[in-house]
Amino acid sequence: MNVKIVLKYGLLAFLAVAVVVIAGKEMQRSAVKETEAESTTEALPQDGLVVYYFHSNIRCATCQKIESNAEEAIVSQFADELASGALSWRVVNYEAPENAHFVLEYEIAAPTVVLVRREAGQNFQWRNLSRVWELVGDKSAFADYVVQEADVLLSVN
């Protein structure tokens with residue numbers, strides 16, 4: 001009879017822990033979705049460059065490295081433009097239903113960096129920097145690529 005009681009309470013404890021873990025993960029997911037929704041609903045600049053890092057629901061180590069390398073390159077090379085609002089950094093989950101339009105708009109097939117030049121409140125020109133996957137292992141070449149492409153779109157008149 002002691003085995004039945006121990007088994008009963010053990011199963012109840014397991015069930016309680018499982019419920020807490022599931023509830024915690026769901027709260028974490030909703031917090032991430034709220035943060036992403038805020039970042040995608042912020043007003044876009046009338047004129048300037050928007051640098052997007054588009055990620056999927058599943059974020060592997062390489063995807064996270066692409067994001068961190070791109071952000072580091074942008075922040076280190078364009079601090080003045082970021083401060084003035086001439087350049088904006090955005091992280092967006094392209095698999096979220098509210099962001100599905102980006103997939104067609106910027107030809108997104110996998111996590112990537114996309115540069116969007118805006119003029120007079122409209123998207124004027126864009127580039128999908130798909131070479132970030134090729135260059136992710138070489139941080140210097142990766143940064144040079146992102147910075148050079150951003151420079152080109154920032155200088156468009």
Side-chain angles (χ1 to χ4, degrees), residues 10-45 48-79 81-83 85-118 121-154 156:
L11 288 172
L12 285 173
F14 175 77
L15 181 61
V17 169
V19 167
V20 168
V21 168
I22 290 169
K25 286 186 177 185
E26 190 57 36
M27 288 173 57
Q28 186 178 27
R29 271 192 215 119
S30 65
V32 167
K33 285 182 181 179
E34 286 176 16
T35 302
E36 289 172 349
E38 290 170 9
S39 71
T40 58
T41 58
E42 289 176 24
L44 292 171
L49 183 64
V50 180
V51 180
Y52 288 102
Y53 171 68
F54 287 106
H55 66 84
S56 63
N57 291 329
I58 298 173
R59 305 190 70 191
C60 69
T62 304
C63 299
Q64 291 173 350
K65 190 172 183 180
I66 290 170
E67 177 184 355
S68 65
N69 286 354
E71 183 176 21
E72 184 178 324
I74 293 300
V75 168
S76 67
Q77 294 298 310
F78 299 104
E81 291 83 353
L82 283 163
L87 188 143
S88 174
W89 168 258
R90 307 282 171 100
V91 176
V92 177
N93 179 348
Y94 66 86
E95 291 186 332
E98 65 273 13
N99 298 326
H101 63 95
F102 288 119
V103 174
L104 295 175
E105 200 171 333
Y106 302 128
E107 300 171 3
I108 298 170
T112 190
V113 176
V114 174
L115 309 176
V116 181
R117 172 75 186 174
R118 293 184 49 85
Q122 300 295 316
N123 292 348
F124 175 71
Q125 186 178 12
W126 62 271
R127 292 186 183 187
N128 184 332
L129 305 186
S130 57
R131 286 193 60 217
V132 294
W133 283 92
E134 171 188 334
L135 300 171
V136 69
D138 184 343
K139 192 172 182 178
S140 177
F142 182 102
D144 289 346
Y145 172 56
V146 171
V147 168
Q148 288 172 0
E149 294 292 332
D151 274 336
V152 168
L153 289 185
L154 275 169
V156 170

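Quick note: numbers below take in every heavy atom, side chains included, and nothing from hydrogens, waters or symmetry partners. Note that the structure is a prediction, hence the values are computed from the model and not measured.
In terms of modelled atom types and a separation under 3.5 Å, the side chain of Tyr53 and the main chain of Trp89 share no donor-acceptor contact. Judged purely by atom type and a 3.5 angstrom limit, Arg118 uses its side chain to pair as donor or acceptor with the backbone of Pro45.
Residue Glu72 holds its CD atom at 10.0 Å from CD of Gln77, rounded to the nearest 0.5 Å. Note that OH of Tyr94 is 7.5 Å distant from CD1 of Ile108, once rounded to the nearest 0.5 Å. Annotation: the span from Leu49 atom CG to Ser88 atom OG amounts to 9.0 Å, rounded to 0.5 Å. Atom CD1 of Ile66 sits about 7.5 Å away from atom OG1 of Thr112, to the nearest 0.5 Å. Going from atom CG of Asp144 over to atom CG of Asp138 covers 8.5 Å, rounded to the nearest 0.5 Å. Between the CG atom in Asn57 and the CG atom in Asn93 there is a gap of 4.5 Å [rounded to 0.5 Å].
Counting all heavy atoms, side chain and backbone alike, Val132 lies closest to Phe142 at CB-CE1, 3.4 Å. Closest non-hydrogen pair, Ile74 versus Ala150, comes out as CD1-CB, 4.4 Å. Shown here for Asn69 and Val136, the closest heavy-atom pair between the two residues is ND2-O, 3.8 Å. Between Leu153 and Arg117, the shortest heavy-atom contact is O-CD, 3.0 Å.
Between the side chains of Tyr106 and Asn123, a donor-acceptor pair is found at a separation under 3.5 Å.
Between Val152 and Arg127, some side-chain heavy-atom pair lies under the 4.5 Å cut-off. Looking at heavy atoms from C-beta onward, Trp133 lies in side-chain contact with Thr62 at the 4.5 angstrom threshold. At least one side-chain heavy atom of Phe78 sits less than 4.5 Å from a side-chain heavy atom of Val147.
Taking the charged nitrogens against the carboxylate oxygens, Arg131 and Glu149 have no contact shorter than 4.0 Å, which rules out a salt bridge.
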